[in-house]
Structures are given as structure tokens and as C-alpha cells.
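Please read the structure below before turning to the comments.
Remember, it's a predicted structure, so these values are computed and weren't measured experimentally. Per chain, numbering begins at 1; letters A, B, ... match sequence-line order.
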Amino acid sequence: MPSEPEQQLRAGGGRAPDVFTPGGWVPMREYGEAEEVDFAIVGTGAGGGTLACRLAEAGFSVVAFDAGAYWRPLEDFASDETEQQKLYWTDRRIVDGSHPLKMGSNNSGKSVGGSTVHFAMVSLRFRPEHFKARSKLGYGVDWPVDWREMWRYYDEVEDALKIAGPVSYPWGPKRGRYPYRAHPMNAAANYLAKGADALGIDWTETPLATLSAPRGKAHPCVYRGFCVTGCSTNAKQSVLVTWLPRALKAGAEIRDLAMVGRIETKNGRATGVHYLRAGAWRFQKAKNVIVAGYAIETPRLLLMSANSEFPDGLANSSGLLGRNLMVQLNQAAWGQVADEVRSYKGPPSLAISEHWNYEDRGKDYFGGWSYMSQGPLPITWAKSLAGGRGLWGQALIDEMARNNHSVGLKMVGEVLPYEHNRVTLSDETDQYGLPVPRITFSLGENEQAMIAHATDFMDRSLEAAGAAERWKEMDDTCHLGGTARMGDDPATSVVDPDCRSWDIPNLWVCDGSVFPTVGGVNPSLTIQALACRLADRVKALC
Amino acid sequence: MADRFPDYHVLAKRDTASWNAQTGAVVDARLAKDPPEGVLSDRQRQTLARVIDRIVPQPEHRPPVNTLALVMGKIAANGSDGFRHHQLPETRRAWERGLDAVDAEACVRHGSGFAFLSDDQADAVLCAVEKGEVEAPEWQDLPAGLFWSWRLIPDIVSAYYAHPSAWSAMGFGGPASPRGYVRLQANRRDPWEAAERDDQAPSPAEARNHHAE
């Protein structure tokens, strides 16, 4: 049964939910549909929500649309894996290719605030060389941005989210202090540290977007461990509780339960968006349209918007829209220890090693990866044991009963861009009457070589830390990128270095789809940094 | 195997600071669920019940898990997980065809419906489905291995481990909001966490678990 916020509009009538107060409201400015607003933004996650804030604060008129509900976490979120699936994008999607992707939980969200409402809060910077993978490291493609510029925006985002991180970060160029102190490590994190020490590599506390000290109306993290099902105490610094309250204060309008189905164009320019809300298709006029739906919904919307001016979809003169879909490798190594670890306590990834993002020697593949300690909840863990290890029957029940002694390490690994990995439109339609996306994905030899190296290394780390009965979980992916790549050349990219469509000058993309490569770190911090950068570019250009 | 967490009951924390009102409401509703009517034939339902029985045996000495009701609820809703393997039909159709095929496989191998097989026979049929080494013609349009790994296993396992009895049996702290945890170090336990059976410990786990509230 859909809950009330999934059925009843909450934003409107001059007000939006106050995410810090059960039943509370804050004022919201509203714009008429015939009023040509400066920016219509599709999506309110790491890209769109951040941008809505920054553009509204710059004085632009902004309406941001999201297909998901406008939650008040304190009153709407349960400590329950099943119930909280309401935060995932579970609309129909067809998956194929030789490694069909499992969608929903760890690669998409359907909420105001996007997938940051249920992300694991891991907030990492790209290695500088990863922005120039082709020219510096000989693989993939270069980003059309300079790492020093990105690092200035990383500073801004880390401060906006009050990232809790270590005093000094072991890898890469010197960076400033994190705004809040690091969280204490749980037993699972200490096992990562013990293994890394034994193997002679660096590790650190993971920089996390959850509070280690009070902030405004939000309390510090209480280590309840249900982070990836949504934070019910508001310690998590999601877009929902950080950028969006600022956006509203600055005069942005947010429309919840609003599914954008088509972007209108006239004479080669975007004129506004058609969206379904409260049972009716409506049209919002806009001077600029920014698509921020992440790597499946962004190309889907641009493909669905094909018209006589742009028969192959908007922003698709390169033919690359929807192509170069990337995920990140999410394989793991697990083992058993005598200690009671109880990894369900605290954020799931309190310790990290980025060693293999910064070390290029000793690899028979391109790209980097990091790995983190783990704390799976029961259903997730049961699916790992049943799916990854083939346990069922009493063997599964008995192994589950030993969960408090399990430790694991999980990678976030770089997948290379391949044109054959892509998003297209199928012949089926969804509950909105829109074409269901088809997601085609296959791993290549480079990915297989990285998986072999990473799972072996993580297994050795567990062994060195004293774990027995070790096994490798070989089939998992996370995060998305690449389907509306940014670049310097209109023939080989979808958007320009300012994230503006090469083909339509007032159409922009602002989410993980613009990533030319994905690196070996979780993408949310980089998406938010790109959004801040785009806001500053817009100020200069518009 | 003996219960590792004797007398530990997640539900004993139902009215403490570990459970907010939302959590109480969704778990109460789950525990009250019965199998819905109007979905699956009697025969399919019998087959499903027996499959569940073999995949996730009930915990001993604890209230039973209503896995059948929860899985049937998902089938009735024809729910989407956000992705569908291109070789499989949608949820409800996949389950209907898959259960017919499991039943047919039992008949081919053992001359009897799946619900009436011995434990060993039933497990042998399930092993064949898992490996995709099946003989019944019902599998022609439904790849057995994919039905197993993309539908049967995730749906059944997810239903079972959504239940407090399953949480208690694995010593999981259960719902935790607004109260979370204080002691994060190895071998440290908050008073509201499960104590594990340990024959060397000065006081038995049963006694320590009586402080679980």
C-alpha cells in the first residue's frame, strides 16, 4: 500500500513540508504554469536539489520537479528494510545484456532529495588524475574540467554537508580539515584497519555525510545502522535536509509527485516541461530546462522527448545519448571471526582504504577502486548468503545465526565506458503511460581483471585480520553514470564542459550521467560539486 | 542447532525507545498478514508452501514466520522491484509459471506433486531448479536458474527475514529509532542487544537477555 506522502501532494498552497518537524510546514514561493520561470529542474537529488538551491540563491526563479514523495523523515521513516523500499525507484524497468543490472536499492531513488535520502553517506573526492584518465593514465576519456576547480567545489560541498572525516586524509593532494570530527569506528571498521595494517597499506575513517555533532535542529548520529533505508533521525545530511531547505528559503518551488514525461522544444530551444501531477498532464513554461534524473531517467526523458525537430531525442546529435552507461563494481569478501562484531551498529562503512585508487603499479587492468567495511541488514545479508553463496534451507538459517561474527569488505570499483552498455526505450509502458526503459549492461575483460585483483586483495586483508571461512561475493554493482557524457567535442559527448547540451543551448544536464568516467569512489560528492560549479557557470552565462 | 540467543526477543523492545511509532505500525501490520485470496490456485499455493518450508525452515521455539502470506502478498500485488530480467515475465506470472514448473518437475522425477514429496525428494527437485538441470517441459519458456536466482530466492528470503522471529534467532538488534547504539566495539553489548549463548560466561545468556528492554 502506498503511504500518504506517496499519494497526497505535500508541496503546494504556499507551503512545503518542514523536514525537521513532525507535521510541520515552511513557506514556499509558487510560480504559475504560464509564467516563464528561469529554470525548470527535473529531479531533486544530488544534482537537481543542489542546483535548485544554488540557482535560487543566485536570484533565479526555479521550479524543481520530483516524481517521488516529500518525506518528513522523523514521522515517515520506520527502522525496517521492507517498508523503506518506498525510497527506491521501483518502477518497471527491463534489464538485459550479459550482466543484467539489479536496479532499485543502491543505484536509484524516488524521493524528493533523490537517492541521497537512502545513500550510505560515503563522501569522497575523485583522485585528481582520474579527471584526466586518458591523458594521464591511458584509458577511458578525459573530463573537460580541471581537478583544482573541482577541489574548490568539493570544499564547498563538504562544508554544506558538514562531512565528518579524519584529521588528515592519507591519499592525494593536501586538503583542508573536514568540518566535523570523524565518527568512532565500529568493530567491522577495526577489522578493515587491522587487515590494512598487516598488508602495509593506508586506511582511514570514512568521510561521511552524517553528523558527528549537533547541527541546527538535527542531532548527531545515534549509530542505529539503518542508514541505507533512510535516516529517521535526520543525522544524515541528505539533499532533503541540507540543500532543499535552503532552496525553499531562497524562493525555489518544489513540486512533489510530479513525473516529467516530455520536454517541449520550439525553433531549436527548450520551452518547458510536460509533467503528470495529481492525475493530469500539465505544462510548465521555462527559459531553461535542466535534467537531473540520474543515468537512467535522464537519457530516458531526453529520448522520450523526440519530436520533428529532434527525431532521435533531444541532445542526441552525437548518437551517444543513453550510451556509455557505467556502474561501479561492488564485489565483496566475507569471513567469520571469534569476536562479536555486530556490524549492524553504526553507518555501514566507517573505515576505508583508497590505496588502489592511488597506486597504479601491480595492476593488470585500468582504473581504480576503494574498499570499505560493511554492515548489511538482515534481508540484504540473507540475499547475499542465498545468492552469492548458494545457501538455503537449514544451512541458510544456521549461517544467518552467526551474522554477529561476520566481517566483510566491499569494493567500489571503476567500470570503463563502453558504447554498447546503454539505456533505450522498450515497447512496454509504465504506470504513467510512458515507455519503460531497457537497460543493457555487460562487464568487459578489464572489469573482470579488476574484480579478480580486488576480491583477492580483500580476502587477503580479512585473512591477515584473522578471519576464517572466507568467501567472495562476486555479483554486485552500485551507482550509475555516463549516459549523457560531458566533453570538449560535440561528436563524442552529449553536453559541453558547462553541462549544457551541444544541440539545444538552454537545455542542461546535472547528475551522474555527465560523468565521462566514474573513478573508484562513490559519486554523490562529485555530483554535488558539479552542481555547484554549474550554478556558477550559469551565473556567468545566463 | 540450539538457539544461539535464548530468550532474546526483538518484540520485547516493541514499546521501548528502540521502536518509533512508524516501525511499530508496519511490523504490527506484517505480523497480522494472512495469505490473500484470489491469487494462485490451491495446487500452486500448496507447492509454494512446501517450497518455503524447504528454503527457510521455521525457527525453533519461536513464533512462526508467516512467509507464505508475505510472498503471496507480493504475488497478489504483482509488485515491481524496479527491474525485470528480460527472460522472465513480471512477478505474478513468473511465480504462477514457476510453481507449475516446480510441481511438474516433481512429477517427472518422482511421480508425485511437489507438496507430497519427502524432504530429500523435495530438496533434490529444488537443487535441479537451482542448477537449471530440469526436465519438465514447463521450463521451456521460463529459464529455471533465472527463476531461482531472480525470483524464488530473493522473494522468499526477503519475506522470511522481514519477521521479528527471524531477527531474534540471528541476534539482530532489530529496529533502532530513535534509540540507536552506544557500544560499537567488538564484544561490547548495549543492554538492549542480544547476548549470545556462551558456556564459559559467568551468567547464562537467558539471564542476560532478560535485560533486553
Practice item. Please state whether the rings of A:Trp392 and B:Trp148 are parallel, tilted or perpendicular, taking 30° and 60° as the class boundaries. Key: perpendicular

Pick from [options] with the largest number of heavy-atom pairs that fall under 4.5 Å of chain B:
{"options": "A:Trp89, A:Phe226, A:Trp381", "value": "A:Phe226"}
{"options": "A:Glu75, A:Gln85, A:Glu81", "value": "A:Glu75"}
{"options": "A:Pro378, A:Ala78, A:Pro100", "value": "A:Pro378"}
{"options": "A:Asn403, A:Leu74, A:Asp91", "value": "A:Asp91"}

What are the two closest non-hydrogen atoms of [X] and [Y], and how far apart are they?
{"X": "B:Ala186", "Y": "A:Ala187", "answer": "N-CB, 3.5 Å"}
{"X": "B:Asn187", "Y": "A:Glu340", "answer": "OD1-N, 2.7 Å"}
{"X": "A:Ile379", "Y": "B:Ser158", "answer": "CD1-O, 3.4 Å"}
{"X": "A:Ile397", "Y": "B:Pro57", "answer": "CG1-CD, 3.6 Å"}
{"X": "B:Val157", "Y": "A:Lys383", "answer": "CG1-N, 3.9 Å"}
{"X": "B:Phe5", "Y": "A:Ala401", "answer": "CE1-O, 3.6 Å"}

Nearest 0.5 Å, what's the [atom1]-[atom2] distance between [X] and [Y]?
{"X": "A:Leu396", "Y": "B:Tyr160", "atom1": "CG", "atom2": "OH", "result": "8.5 Å"}
{"X": "B:Phe83", "Y": "A:Asn107", "atom1": "CZ", "atom2": "CG", "result": "9.0 Å"}
{"X": "B:Arg4", "Y": "A:Asp398", "atom1": "CZ", "atom2": "CG", "result": "8.0 Å"}
{"X": "B:Ser149", "Y": "A:Lys102", "atom1": "OG", "atom2": "NZ", "result": "6.0 Å"}

Do [X] and [Y] make a side-chain contact, defined as non-hydrogen atoms from C-beta onward lying under 4.5 Å apart?
{"X": "B:Phe172", "Y": "A:Leu377", "answer": "yes"}
{"X": "A:Val95", "Y": "B:Trp150", "answer": "yes"}
{"X": "A:Phe77", "Y": "B:Asn20", "answer": "no"}
{"X": "B:Glu90", "Y": "A:Arg92", "answer": "yes"}
{"X": "B:Met170", "Y": "A:Arg402", "answer": "no"}
{"X": "A:Tyr223", "Y": "B:Leu184", "answer": "yes"}

Study note, to complete from the structure: Answer key: most heavy-atom pairs under 4.5 Å with chain A among B:Gln87, B:Arg189, B:Arg188 is B:Arg189

Heavy-atom distance under 4.5 Å to chain A: side chain of [X], backbone, both or neither?
{"X": "B:Ala25", "answer": "neither"}
{"X": "B:Ile55", "answer": "both"}
{"X": "B:Val56", "answer": "both"}
{"X": "B:Asp123", "answer": "both"}
{"X": "B:Ala169", "answer": "backbone"}

Surrounding [atom1] of [X] (heavy atoms of other residues, nucleotides or ligands, distance under 6.0 Å), is the total greater than 12?
{"X": "A:His420", "atom1": "NE2", "result": "yes"}
{"X": "B:Asp198", "atom1": "CG", "result": "yes"}
{"X": "B:Glu37", "atom1": "CD", "result": "no"}

Check your understanding: For chain A, which residues from residues 27-36 of chain B have at least one heavy atom closer than 4.5 Å to it?
Key -> B:Val27, B:Arg30

Chain B heavy atoms under 4.5 Å from [X]: which part of the residue, side chain, backbone, both or neither?
{"X": "A:Ile439", "value": "neither"}
{"X": "A:Leu385", "value": "neither"}
{"X": "A:Asn190", "value": "side chain"}
{"X": "A:Tyr88", "value": "neither"}
{"X": "A:Asp339", "value": "both"}
{"X": "A:His183", "value": "neither"}

Exercise for review: Begin from the C-alpha positions of B:Arg84 and A:Glu428 and carry the test side chain to side chain contact (heavy atoms under 4.5 Å, CB included) through to its verdict.
Suggested key: CA-CA 12 Å; B:Arg84 175 170 69 74; A:Glu428 299 179 24; 2.7 Å; yes

Exercise for review: Would you sort out whether B:Ser177 and A:Thr233 count as a side chain to side chain contact (heavy atoms under 4.5 Å, CB included), showing the intermediate values?
Suggested key: CA-CA 7 Å; B:Ser177 180; A:Thr233 69; 4.1 Å; yes

Practice item. Start with the C-alpha distance between B:Tyr181 and A:Tyr344, add both sets of side-chain angles, then the distance that settles side chain to side chain contact (heavy atoms under 4.5 Å, CB included), and finish with yes or no. Key: CA-CA 10 Å; B:Tyr181 300 101; A:Tyr344 57 80; 3.6 Å; yes

Within the side chain of [X], is there an N or O that forms a donor-acceptor pair under 3.5 Å with the backbone of [Y]?
{"X": "A:Arg224", "Y": "B:Ala176", "value": "yes"}
{"X": "B:Gln185", "Y": "A:Met185", "value": "yes"}
{"X": "B:Gln22", "Y": "A:Ser79", "value": "no"}
{"X": "B:Asp81", "Y": "A:Gly104", "value": "no"}

Exercise for review: Tell me, with the steps shown, if B:His86 and A:Arg438 meet side chain to side chain contact (heavy atoms under 4.5 Å, CB included).
Suggested key: CA-CA 9 Å; B:His86 69 112; A:Arg438 175 179 286 265; 4.0 Å; yes

Review point. Looking at A:Arg342 and B:Glu196, does any basic side-chain N land under 4.0 Å from a carboxylate oxygen?
Key: no

